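Following: one structure in structure tokens, then a few remarks.
Worth saying up front: this structure is predicted, and the values here are computed from it rather than measured. So you know, we letter chains A, B, ... as the sequences are listed, proteins then strands, and number each from 1.
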Amino acid sequence: MSDTFGKGHHLHLIDGSAYIFRAYHALPPLTRKSDGLPVGAVAGFCNILFRYLNGNKGADAPTHVAVIFDHSSKTFRNDIYPEYKANRPELPEDLRPQFPLTRDATRAFNIACIETEGYEADDIIATLSCRARDAGGRVTIISSDKDLMQLVGDGVGMLDPMKNKLIGPDEVFEKFGVAPNRVVDVQSLAGDSVDNVPGAPGIGIKTAALLIQEYGDLESLLERAGEIKQPKRRESLINNADLIRISKRLVQLDCDTPLEDSFDSMAVNPPEAEELLKFLTEMEFRTLTKRVADSLKVEAPTPPAVVEDKPDLPFDHAKYENVSTADALGKWIDRIYARGYVAVDTETTSLDEMRADLVGISLCVEAGQACYIPLGHKQGGGDLFGSSELSDGQMPMGEALEMLRPMLCDASILKIGQNMKYDAKIFACQGVEVTPIDDTMLMSSALNAGLHNHGMDTLADKYLGHTPIPIKSLLGSGKSQITFDLVPVDEAVKYAAEDADITLRLWQLFKPQLHRKSVTTVYETLERPLVPVLAKMEMTGIQVDRDTLSRMSNTFAQKMGALEAEIQTLAGRSFNVGSPKQLGEILFDEMGLQGGKKGKTGAYATGADVLEDLATEHELPGKVLDWRQLAKLKSTYTDALQDHINPETGRVHTSYSLVGAVTGRLSSTDPNLQNIPVRSEEGRRIREAFVAPKGRVMVSLDYSQIELRILAHIAEIPALKQAFKDGIDIHAMTASEMFGVPVEGMDPMVRRQAKAINFGVIYGISGFGLARNLRIPRGEAQGFIDRYFERFPGIREYMDATTQFAKDNGYVQTLFGRRIHTPEINAKGPAAGFAKRAAINAPIQGTAADIIRRAMVRMPDATRDLDAKMLLQVHDELIFEVAEDAVDPLIKIAREIMEGAALPAVHLSVPITVDAGQGANWAEAH
DNA sequence: GGGCTCACG
DNA sequence: GACGTACGTGAGCCCG
């Protein structure tokens with residue numbers, strides 16, 4: 001570093017990271033209009049720089065200046081003490097993509113911009129201060145960070161930009177009670193709860209200063225700690241000497257940070273008008289652009305008429321790039337780092353992530369500019385089973401993944417996907433953990449639940465006016481369907497890159513809408529953080545015992561055969577028992593039973609309720625019911641589940657959808673593990689096949705009556721709330737209130753009726769529905785409902801208020817702000833009835849769904865020290881697989897998390913309680 | 001591929 | 001005055 005810097009020169013060192021955070025928190029969220037890029041912090045940062053430059057015209061003006069940034073949150077201090085700064089709140093998502101832009105801004109203002117991997121901005125500031133002072137120059141550090149005060153003195157000063165106040169040795173003494181050269185000693189003793197510097201327990205800045213004043217410096221103090229008179233201080237210092245020394249290494253700034261930058265490169269130069277205005281215009285900061293132009297005495301460039309024509313940018317498949325070399329991929333990775341975000345999509349051979357092979361990756365950084373990296377395409381036209389020869393012109397998969405890995409794992413690069421859980425699992429199978437992520441499907445669900453589904457085709461059509469290339473056109477359909485690895489590369493480029501392009505455009509559209517529609521918190525706390533949690537659960541899977549299922553299938557088949565013979569004897573001829581159409585004809589036409597009703601297709605209804613009624617008159621319907629139960633158990637469960645056992649893991653891996661249900665509930669597919677039988681004894685035994693491996697235990701925790709508790713809270717029903725607080729049987733209490741009978745020795749029938757009413761209320765009760773459910777006359781059911789509303793008037797108010805809210809706003813919401821749209825609420829006819837009941841139910845079901853989601857998000861961290869895996873979620877139940885000796889702590893911790901999951905966002909006025917069970921299999925645990 | 005039936009919360 | 005109704009899901013089967 002050969003430099004002309006020296007005597008008479010004055011260096012300003014600006015703490016850039018502090019400026020960014022100040023700008024971010026001081027300003028409301030601001031996004032660039034054309035594409036929704038968050039730019040609030042960049043705007044504030046530019047304003048600060050502009051004011052700084054304008055204020056620097058006096059005699060004391062700097063000759064040199066640099067802005068210093070933190071490179072990343074990981075520094076050498078984490079190697080010394082892993083907990084250092086560990087309790088920092090997570091970076092706000094809309095701040096992350098702004099970091100690279102603040103560097104751009106600094107350079108646009110023609111100011112040097114410095115950061116170094118592994119070091120904090122403070123270390124760079126320390127190093128430059130020392131070097132500048134040693135060269136004979138003067139330094140002013142522009143920051144209010146107390147951690148920098150150790151540098152003050154001997155030609156180095158500080159300026160607090162907030163208060164515009166100079167900080168010299170006197171001010172430092174005022175703050176720390178010692179001279180600047182002893183500040184580190186005081187900080188080492190006092191610790192810092194914000195940065196998680198431990199220090200000595202029970203010793204604060206005041207005490208530390210007294211001790212240092214008395215003993216001179218930290219080492220002397222520690223050596224002579226035994227002389228301290230106060231027993232508490234003495235003990236604390238003696239017992240924590242190591243911790244204090246570690247603290248010293250944490251707070252001591254490093255004056256030997258490796259730096260290439262010369263002082264000459266920091267010489268003050270006025271901004272290049274053209275460059276600066278170009279940047280500000282690109283950021284679409286109109287006011288600032290004008291003010292800067294005025295101050296530079298040049299014409300402000302006319303803002304480009306970008307705003308409206310961007311969404312109409314056509315989809316040009318010819319523009320998509322086929323990336324087949326390391327050079328080309330490197331250029332894309334550079335572009336991604338310059339942007340700070342990228343839309344990513346993977347192409348594979350299967351929708352089942354656990355069995356899928358990666359075929360290619362597409363990337364998009366800007367609308368219309370996307371690429372596809374083919375990796376596993378095979379030569380078509382081979383033998384019958386397809387050739388295993390890779391086609392030419394593809395990068396080796398390993399090389400491409402190793403190039404992409406740092407970017408995919410980089411905390412400062414946001415990876416955007418449509419249904420990112422799928423792609424994250426594909427990458428996870430390749431050993432790459434993709435983080436952080438954004439998901440357009442989940443954004444749409446937070447914004448548009450109830451209006452439409454959230455698949456890419458729907459979103460592209462609705463929001464971009466574009467119909468993507470149908471996958472069928474590449475793969476075909478039915479028996480001749482091929483897998484993506486056999487698609488020719490040039491066709492794959494168009495299809496795959498288009499998906500990434502669409503995803504990026506949707507993200508640009510949705511991101512600013514989250515704020516505008518007040519669902520940022522929903523997205524950030526209930527949707528996005530669940531992606532890695534569910535991905536982990538799905539990849540873990542649950543062990544299922546094939547022999548148990550197979551034995552049950554055989555038993556069912558035998559019983560069905562016997563029943564079938566009996567049924568056909570009773571019917572007088574053979575027919576397909578599994579055909580509702582044929583059964584209807586047997587029952588109502590041939591056997592002449594009464595009460596046959598035809599549905600819209602002209603077939604007789606033969607549902608369980610119909611057959612149950614007929615069973616009193618004839619033997620056959622009851623046998624059909626028995627047969628149907630067995631047929632269901634066999635085909636849907638004992639047979640089908642065996643096909644879902646993954647041959648490699650021996651476990652069943654379901655797939656959860658975060659957007660399957662409008663209320664916010666999860667749904668489960670391939671297989672659905674949320675409807676495994678439990679209500680019938682015969683069905684429940686299927687759960688015996690879901691087992692914990694040897695030495696481990698299945699644990700189930702489920703919320704008790706959570707929806708009724710939420711109803712009691714939302715509708716403010718004092719009697720219900722009190723009953724939950726007292727822990728008494730809620731259905732018995734309801735019956736007692738309604739029918740005036742004591743809870744003690746209650747007729748089970750009466751309790752059953754009250755229970756049906758309680759559930760009916762949650763569903764948007766009607767006399768008809770209750771009558772059918774309880775099999776009582778409609779008038780009687782209506783009487784129950786009237787009495788219920790009389791006893792609990794808050795319920796009627798809740799129903800009316802919710803319906804009205806839906807009519808006024810077009811949506812209803814949960815206690816956590818999740819919105820469920822109700823577009824049919826103002827419709828005429830039966831649709832209005834459906835919409836009304838759905839509107840009444842959605843806030844209750846949805847709030848329960850939000851609560852368990854919050855619990856699931858917190859669970860991995862809360863149970864990280866336990867040998868326990870979360871396997872399944874069944875709406876109000878979580879199932880874990882736990883090492884034997886971890887069962888009790890797991891139950892304790894998981895229960896705490898579940899019962900407190902609403903906090904601190906919502907304080908429920910009823911207690912939430914969780915029941916726990918354990919055993920060798922799911923049947924025992926439940 | 002729509003409709004019916006039935007498994008779950 | 002008639003209509004048609006419990007809320008939210010997914011899967012397997014029949015049948016056109």
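Remark: A/Lys634 fails to qualify as a cation-pi partner of A/Phe556 under the 6.0 Å distance and 45° angle criteria applied to the six-membered ring. For the pair A/Arg772 and A/Phe768, the cation does not sit on the ring face, since its NZ or CZ is not both under 6.0 Å from the ring centre and inside 45° of the axis.
In this entry the distance linking CZ of A/Arg775 with C1' of C/dA6 reads 15 Å, nearest Å. Computed from coordinates, the A/Ile840 CD1 to C/dT5 P distance equals 17 Å when rounded to whole Å. When the P atom of C/dT5 is taken as reference, atom CZ of A/Phe834 falls 6 Å away, rounded to whole Å. Atom CD in A/Glu824 sits about 16 Å away from atom C1' in C/dC7, given to the nearest Å. Between the P atom of C/dT9 and the CG atom of A/Leu658 lies a distance of 14 Å, rounded to the nearest Å. One interatomic measurement links the two molecules: CD1 of A/Ile686 to P of C/dA11, which rounds to 16 Å at whole-angstrom precision. Counting to the nearest Å, the P atom of C/dA11 and the CG atom of A/Leu633 are 17 Å from each other. Atoms CD1 (A/Ile765) and C1' (C/dC7) sit 12 Å apart, rounded to a whole Å.
The phosphate of C/dC7 has OP1 or OP2 within less than 4.0 Å of a side-chain N or O from A/Arg837. For A/Asn576 and C/dC14, the shortest distance from a side-chain N or O to OP1 or OP2 is below 4.0 Å. Taking side-chain N and O atoms only, A/Ser667 has a distance below 4.0 Å to OP1 or OP2 of C/dG10.
Across all strands shown, C/dC3 forms no Watson-Crick or G-U wobble pair with both distances under 3.5 Å. Base-pair partner of C/dG12: B/dC4 (Watson-Crick or G-U wobble, both distances under 3.5 Å).
Residue contacts shown for A/Arg684 are absent, as no nucleic acid heavy atom lies under 4.0 Å away. Residue contacts for A/Ala781: at a heavy-atom cut-off of 4.0 Å it reaches no nucleic acid atom on any strand shown. Among the heavy atoms of the strands lying under 4.0 Å from A/Gly607 are primed sugar atoms or P, OP1, OP2 only; no base atom is included. Base engagement by A/Asn773 is indicated by at least one non-hydrogen atom pair under 4.0 Å involving a base atom. In this structure, A/Leu770 reaches the bases: a heavy-atom distance under 4.0 Å links it to at least one base atom across the strands shown. Across all strands shown, A/Gly764 has no heavy atoms under 4.0 Å from either base or sugar-phosphate atoms. Using a 4.0 Å heavy-atom criterion, one finds that A/Arg772 contacts the sugar-phosphate atoms exclusively. Heavy atoms of A/Ala608 sit under 4.0 angstrom from primed sugar atoms or phosphate atoms, though from no base atom. Nucleic acid contact for A/Gln582: sugar-phosphate only, since backbone atoms but no base atoms lie under 4.0 Å from a heavy atom of the residue. Looking at heavy-atom distances under 4.0 Å, A/Glu877 makes no contact with the nucleic acid at all. Across all strands, A/Ala640 comes closer than 4.0 Å only to sugar-phosphate atoms, never to a base (heavy-atom distances). Counting any heavy atom pair closer than 4.0 Å across all strands shown, A/Pro830 reaches no nucleic acid atom.
Across C/dC14, C/dG8, C/dG10, the shortest atom-to-atom separation from the side chain of A/Ala661 is found for C/dG8. The listed nucleotides are C/dA6, C/dG16, C/dC7; the one nearest the side chain of A/Lys581 is C/dG16. Of the candidates C/dA6, C/dA11, C/dC15, C/dA11 carries the atom nearest the A/Asn672 side chain, counting heavy atoms from C-beta on.
For the C1' atoms, the distance linking C/dA2 with B/dA7 amounts to 35 Å, nearest Å. Here the separation of C/dA6 from B/dG2, taken at their C1' atoms, is 24 Å to the nearest Å. Annotation: C/dC3 and B/dC6 have their P atoms spaced 27 Å apart (nearest Å).
Looking at A/Thr814 and A/Thr847, their side chains never bring a donor and an acceptor atom within 3.5 Å of each other. For the 3.5 Å distance criterion, the side chains of A/His731 and A/Asn758 qualify, holding a donor opposite an acceptor. When only modelled atom types and interatomic distance are considered, A/Gln804 and A/Asp808 share a side-chain donor-acceptor pair under 3.5 Å. Judged by distance alone, the side chains of A/Thr669 and A/Ser655 never bring a donor and an acceptor atom under 3.5 Å apart. Looking only at atom types and distance, the side chain of A/His454 has no donor-acceptor partner in the side chain of A/Gln418 under 3.5 Å away. The closest side-chain donor-acceptor pair between A/Thr913 and A/Arg709 falls under 3.5 angstrom. Between A/Gln543 and A/Glu881, the side chains place no donor N or O within less than 3.5 Å of an acceptor N or O (distance only, hydrogens not considered).
Taking the six-membered ring wherever Trp is involved, the centroid distance between the rings of A/Phe784 and A/Phe739 falls below 6.0 Å.
Along DNA chain B, the stretch of nucleotides lying under 4.0 Å from any heavy atom of chain A spans, 5' to 3', B/dG3 to B/dG9.
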